[in-house]
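Reading through the structure tokens given below for one structure.
These values consider heavy atoms only, across backbone and side chains, with no hydrogens, waters or symmetry-generated copies.
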Amino acid sequence: AFGVVWGIGLAVLFSVGMILYDATVPQAVVLGQVQTRGREWRDVDAWPNARTYRGILVFEFQGPSSLRVQNFSKRSLNAVG
């Protein structure tokens, strides 16, 4: 029974660590349209057959919305444009 408690505690600590990582390291991904998925927009790194359009950049910021993410998004847009 003691091993189960350790396992649950370890899982909780891992989950909290992942939440903190996602909150502190936002990601910006370029999206492309995937025809086989009902024309959904997906990350072009994960979906190499996703279609992008010349002259149009569709991107998504992944992470919780906060002032830190807004500053990250401004820096990312300045780097692209």
Quiz item: By the rule that ILVMFWY residues connect when side-chain heavy atoms come within less than 4.5 angstrom, directly or transitively, which residues belong alongside V29?
Solution: L31, W41, Y53, I56, V58
Quiz item: Which pairs count as salt bridge (Lys or Arg N to Asp or Glu O under 4.0 Å) when at least one residue sits in residues 47-60, sequence neighbours excluded?
Solution: none
Self-check item: Co-members of the apolar cluster containing V34 [side chain, <4.5 Å]
Solution: W47
Quiz item: Looking only at heavy atoms, which two atoms of A50 and V44 are closest? And how far apart?
Solution: CB-CG1, 4.1 Å
